[in-house]
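Have a look at the structure below before the remarks.
By convention in this document, chain letters (A, B, ...) are assigned in the order of the sequence lines, proteins followed by strands, and residues within each chain are numbered from 1. Excluded from the calculations below are hydrogen atoms, water molecules and symmetry mates; all remaining heavy atoms, backbone and side chain alike, are included.
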Amino acid sequence: MLFSRALIPTVKEAPADAVNASHTLLVRGGFIRKVGAGFYDFLPLGLRVMRRVEAIVREEMDRAGALEILMPAVLPAEYFKETGRWDRFGDTLFRLKDRKGAEFNLGPTHEEIVTDIARREIRSYRDLPKNLYQIQTQVRDEPRPRGGLLRCREFIMKDAYSFDATEDGAKRSYEAMRVAYTRAFDRMGLTYRLVAADSGAMGGVLSAEFQVLADSGEDAIVACGSCDYAANVEVATVKPSAAAGEGEAAREKRRVHTPGKSSIDEVTALLGVPKDRMLKSLLYTAGSETVMAVVRGDHEVNEVLLARALGAADVFLATEADVKKATGADVGFAGPSGFGGRILVDRAAAAVANGVTGANETGWHVADVNRGRDWNGEIHDLRLAATGDPCPRCEGGKLQSYRGIEGGHIFVLGTHYSAQMGASYLDENQEKKPLVMGCYGIGISRLVATAIEQHSDADGIVWPMSLAPYHVHLVTIGKEPVVAEAARSLHDDLLARGVEVLWDDRDERPGVKFKDADLLGIPLRVTIGAKSLASGNVELKPRSERDPKKAELVPLAAAAEKLQSLVRAAPGT
RNA sequence: CGGGGCGUAGCGCAGCCUGGUUAGCGCACUAGACUGGGGGUCUAGGGGUCGGUGGUUCGAAUCCACUCGCCCCGACCA
């Protein structure tokens, strides 16, 4: 491709609304342009990268035996109404009406539609297993699109759905997807962790996220430094360590006056006790119930774990009024000792001896309280895991916190949708049974940005070969006909060898071309100028090499073959 | 949805507080000249319903009201 004939509108200045590297560089490099909040144009270069992601994902899905289909982006409302998600999705669902007033929604995901295919087309256990996938535009009216391609209202997703006769079969399908995803993410050159994830209100059995590590990520995850334990903090648990005051003799409970001191910091400062002696007591609303969650003063409540422990879909921190009603005291003076309602306590807090906590009376705390004698509660894992916490799986391992971008999610759904929608099969005994389903997503367009979050420097993008819009960026310097002739022959030779090349043939100064080359991030840069060409050479430099002096001189005649072998040898291609 | 902020040329911004010539700067763009290995220099140009509507005023980019859009933090995120 000739640069002069392409549409690659690079700009020097970052867009005002870009806050992270991928957004800035995708816009500056002319890969994408914003159309509206959460909607983007993919310009030629951006589309080429996305096609690479798609191709890798498609290859790995096909290798795993999945079958590509395409479902509509516009869906009659009846499908989401059938499963109740018409209401449950709330404002996130884009709704529209046709000319007759019939209701539709844009597809945010396609469980209903694929289940409809299954109930119509799958009859027998002999038809199983099946895994159907599509690469399709998905639309969700996100409350807050952000980060350029990282969180859009319209995005490209690969979503796959497996159908099995049994739970065991579903696990095999899930495992096949885990392998396929691992291969795909490896080929894309991404550094990621496969983490245990919340299976949500769907009652899923197995659920894991492919979290691509990036400081700009929206998700918090923890991973063990010693074993392979890794989990979204939403579901991460922690091995209990030695409790504060363990083994101490229980002292007599006493009331302490703490006027105006409602926070852990204030109370520990006033009383001179360490934070891990405090029993932090928070009130949550779960459905119509108000419950107390107790964690140690130096810990935080994990609301997902709390909701799970309660069997609730969601919990919300109680309002000020609810706290007063439940405890009889202002916010900041709640405690399990003497509390009348349901109490859930984290393991670590449960073990605290001679603890300090709120007295359920404004301006008062109680000290030297002990569980069993002064209070009680249901013991669960309720605390948020953090860096330095002991790994729940191995001996001696410490958890480390990371930020991640969810690049993929694999999930055994069970029979949630199939039972609801009547998607069943007949087994060997003529017995009708619901299909056991799994679903598996990869954020195709998001991964374009995610790759840049991991592969860029101060000058621009550094694409892995497998995702690069072109393999070779050919830069010609000067107007001498010999230079253009050499470039033309190399360009044609590369094309004949299946190497994709972008030739910057513009009448621009060398500095402009080099800056643009660094910005675009094509992995191999070949410079042809009169200087080196005089000795029959061209200059070769990988984008990952920062120092231009380290460019390698390669005889023009040997350049194409050398480049071809470099492209072939690159991982993931 | 709560809090904060921004809409002025294709992009990035100043001007607004304290209303008053022809609305300005940098980049980009057009033409010419010089230049030619890391975003070069000079000359001459083109490009604006100042987000929209209404109001105040002799006069509004500037003040007021409403409205639309966008961004950031939070909530939310099958």
Item to complete: State which residues pass side chain to side chain contact (heavy atoms under 4.5 Å, CB included) with Arg119(A); sequence neighbours excluded, sorted by chain then number.
Response: Tyr79(A), Glu82(A), Asp116(A), Met421(A), Ala423(A)

Using atom names, set out every protein N or O paired with an N or O of nucleotides 44-47 of chain B below 3.5 Å, distance rounded to 0.1 Å.
none

Discussion item. Under a 3.5 Å cut-off for both contacts, is C29(B) paired Watson-Crick or G-U wobble with anything, and if yes, with which nucleotide?
Written reply: G45(B)

Discussion item. Is there, by distance only and without an angle test, a donor paired with an acceptor across the side chain of Arg525(A) and the base of G38(B) below 3.5 Å?
Written reply: yes

N/O-N/O pairs, protein side and nucleotides 13-16 of chain B side, under 3.5 Å:
none

Discussion item. Could you work out, with side chain to side chain donor-acceptor pair (under 3.5 Å) as the rule, every residue matching Ser544(A), not counting sequence neighbours?
Written reply: none

Discussion item. I'd like to check the ring pair (Phe, Tyr, Trp, His ring centres under 6.0 Å) partners of Tyr440(A); sequence neighbours left out, ordered by chain and number.
Written reply: none

Practice prompt. Please confirm whether any donor atom in the side chain of Arg28(A) sits under 3.5 Å from an acceptor in the base of G39(B), or the reverse.
Written response: yes

Worksheet item: With sugar-phosphate meaning primed atoms plus P, OP1 and OP2, does Asp91(A) contact a base, only sugar-phosphate, or nothing at under 4.0 Å between heavy atoms?
Response: nothing

Worksheet item: Which residues satisfy the side chain to side chain contact (heavy atoms under 4.5 Å, CB included) test with Thr92(A), sequence neighbours excluded?
Response: Phe89(A), Arg140(A)

Worksheet item: Contact class for Pro548(A) vs. all strands (heavy atom < 4.0 Å): base, sugar-phosphate, or nothing?
Response: base

Item to complete: Please work out if Val11(A) contacts a base, only the sugar-phosphate, or nothing of the nucleic acid, heavy-atom cut-off 4.0 Å.
Response: nothing

Fill in: Test side chain to side chain donor-acceptor pair (under 3.5 Å) applied to Thr182(A) - qualifying residues, sequence neighbours left out
none

Worksheet entry | Side-chain ion pair, Arg146(A) and Glu218(A), N-O less than 4.0 Å | yes

Worksheet item: Does any N or O donor sit under 3.5 Å from an N or O acceptor when you compare the side chain of Asp507(A) with the base of G36(B)?
Response: yes

Worksheet item: By side chain to side chain contact (heavy atoms under 4.5 Å, CB included), which residues pair with Lys550(A), not counting sequence neighbours?
Response: Glu545(A), Asp547(A)

Practice prompt. Can you sort out the partners of Asp381(A) under side chain to side chain donor-acceptor pair (under 3.5 Å), two or more places apart, ordered by chain and number?
Written response: Arg347(A)

Response to the item:
Hits for side chain to side chain contact (heavy atoms under 4.5 Å, CB included) against Leu75(A), two or more places apart or cross-chain, chain-then-number order -> Pro72(A), Phe80(A), Asn105(A), His110(A), Ile113(A)

Worksheet entry | Nearest-Å distance for atom pair CD/P, residues Glu142(A) and C1(B) | 16 Å

Worksheet item: Ignoring hydrogens and angles, does a donor from either the side chain of Arg140(A) or the base of A78(B) sit under 3.5 Å from an acceptor on the other?
Response: yes

Worksheet item: Any side-chain N or O of Lys513(A) less than 4.0 Å from the OP1 or OP2 oxygen of G36(B)?
Response: no

Discussion item. Heavy atoms only, 4.0 Å cut-off, all strands: where does Val19(A) land among base, sugar-phosphate and nothing?
Written reply: sugar-phosphate

Worksheet item: Residues two or more places apart in sequence or in another chain: which of them pass side chain to side chain donor-acceptor pair (under 3.5 Å) with Glu142(A)?
Response: Arg151(A)

Worksheet item: In whole Å, what separates the C1' atom of C6(B) from that of C50(B)?
Response: 14 Å

Discussion item. Whether Arg383(A) and Glu300(A) form a salt bridge (side-chain N of Lys/Arg under 4.0 Å from carboxylate O of Asp/Glu) is what I want to check.
Written reply: no

Produce the list of close N/O pairs, under 3.5 Å, pairing protein atoms with atoms of nucleotides 24-30 of chain B; give distances to one decimal.
from, atom 1, to, atom 2, distance (Å)
G26(B), N2, Glu13(A), OE1, 2.8
C27(B), O3', Lys12(A), NZ, 3.4
A28(B), OP1, Lys12(A), NZ, 3.4

